[in-house]
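Beneath this line is the structure, given in structure tokens, with notes to follow.
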Amino acid sequence: MTPDKNNGFGTRAVHLGRGFAGNTGAVMPPVYMTSTFKSGNADGFDYTRSGNPNFRLLQESVASLEGATRATCFASGVSAITAVVSTLKSNDLVIAEENVYGCTYRLFDRVFGKFGLKVRYLDLSQPANWEEIRKASPALVLLESPTNPLLKVVDIAGICKVAADVKVPVLVDNTFASPYLQRPLELGATLSLSSTTKYINGHSDCLGGIVATNDPEWQDKMIFAQKALGLQPSPFDAWLTTRGQRTLALRMERHSANALELARWMETLKGVKSVRYPFLPSHPQHELARRQMKAGSGLFTAILNCPAEAALAFCRRLQLFTLAESLGGVESLICHPPTMTHASVPAAVRRSVGIDDGLLRFSVGIEDAEDLRRDIDEALREIL
Ligand SMILES: *Cc1c(COP(=O)(O)O)cnc(C)c1O
């Protein structure tokens, strides 16, 4: 049986991406570690840079989970962004949400800028700024929601409606939510992109990226970029990611439940200045988050009432949260943006955009919430 739109998310995640077993009866697909294919084969493969059975399986399942007809997989989230941006040309304008992921900013600033691509950053959580899309009619609008690291929520449907009026494609980086919690194409986006390194694979054991769309022309451009720029993943990583996505629904339920419980508890603690989580009523875009997302994912931030050194000392005392970049794996991670992801941003700029010295970003895993809570409690007592 091939599951379709009438089947639920969990059923599709398990049953799609299982072909290419040949005559073996294998219940799960093998890994096709081959660089090339015999000419004239019935499945139409030629060379792994432009396609492989493991890519097709991953693309088929993630396309369905995103509510898309098609998807193209890449070696990493950054490769996926490179693929989309490589379709633009010199003097084209991109309007981007001002809190885009740091590597996306660096790609525009240090790479595509050299080729004459122009980028304007706007706070897209402010509907007043959407008029700029109508006025400037850019070649692409790029946004993320929730954003990194402050978890600002941006109105995807609202922005897509304005962009559609002037026929501007919208790319949504859906990494922080995952297609289980948020489906940008259903909200009007042209392209939904994920770093599968995070929630979709979910096990912190490989990198990957994917772009899903319902637009055949965009799909052709993505397939072209995969092969022309050499952005394809390893078949083994595509296989790992296909395995990871089978449990996405279960994992996201637990990530969201754990994060909500911890965020709600931390908000009540002395020594914690503030907590930000889209599914807490204290979040500035709480109502929008509830409309646009099924739950809040495993990410929340907290600002400790202490200097940067003490915040970092807190991170190092934790036993179950590893101090590391990245997010979305089964294991809990913690990151101190002022000394890690945003260390190169001058302190005054950092503070002006809300990256307080005591800011911590938690990526809550699927462990038992009670253990995570005790771990945080004990580490806090040692520093405050
Ligand atoms: C991690 C991440 C990326 C980059 O993905 P890689 O797989 O690390 O290349 C892009 N966007 C967001 C929002 C991310 O979190």
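Hydrogens, waters and symmetry mates are skipped; everything else that's a heavy atom, side chains included, is used. We count ligands from 1, going down the list as the structure has it; atoms in each ligand are counted the same way.
Within the 4.5 Å cutoff, the side chain of Glu132 has heavy atoms near those of the Arg120 side chain.
Ion pairing between a basic and an acidic side chain is recognised when a charged N comes within 4.0 Å of a carboxylate O; Lys152 and Glu97 show such pairing. Salt bridge Arg374/Asp371: present, at least one basic N to carboxylate O contact under 4.0 Å. A salt bridge is absent between Glu287 and Arg290: the closest approach of a Lys/Arg side-chain nitrogen to an acidic carboxylate oxygen does not fall below 4.0 angstrom.
Atoms of ligand 1 lying under 4.0 Å from any heavy atom of Ser76, numbered from 1 in the order shown and given with element: 7 (O), 9 (O). Residue Gly77 approaches ligand 1 through these ligand atoms, each under 4.0 Å from one of its heavy atoms: 4 (C), 5 (O), 6 (P), 7 (O), 9 (O). Which parts of ligand 1 touch Val78 is read off a 4.0 Å heavy-atom cut-off, strictly below it: atoms 4 (C), 5 (O), 6 (P), 9 (O).
Considering backbone and side-chain atoms alike, Ser195 places an N or O below 3.5 Å from some N or O of ligand 1.
Ligand 1 is approached by Asp173 to a heavy-atom distance shorter than 4.0 Å. Remark: distances from the non-hydrogen atoms of Gly208 to ligand 1 include one below 4.0 Å.
Using bins of under 30°, 30° to 60° and over 60° for the plane-to-plane angle, the ring pair Phe362/Phe321 lands in the perpendicular bin.
Nearest to atom 2 (C) of ligand 1 among the protein's heavy atoms is Lys198 NZ, 2.5 Å. In this structure, the protein non-hydrogen atom closest to atom 3 (C) of ligand 1 is Tyr101 CE2, 3.3 Å.
Heavy atoms of Thr197 found under 4.0 angstrom from ligand 1 belong exclusively to the side chain.
In terms of heavy atoms, Ala311 sits closest to His336 at CB-NE2, 3.6 Å.
The only option from Leu288, Ile159, Asp123, Val172 that meets the side chain to side chain contact (heavy atoms under 4.5 Å, CB included) definition with Val154 turns out to be Ile159.
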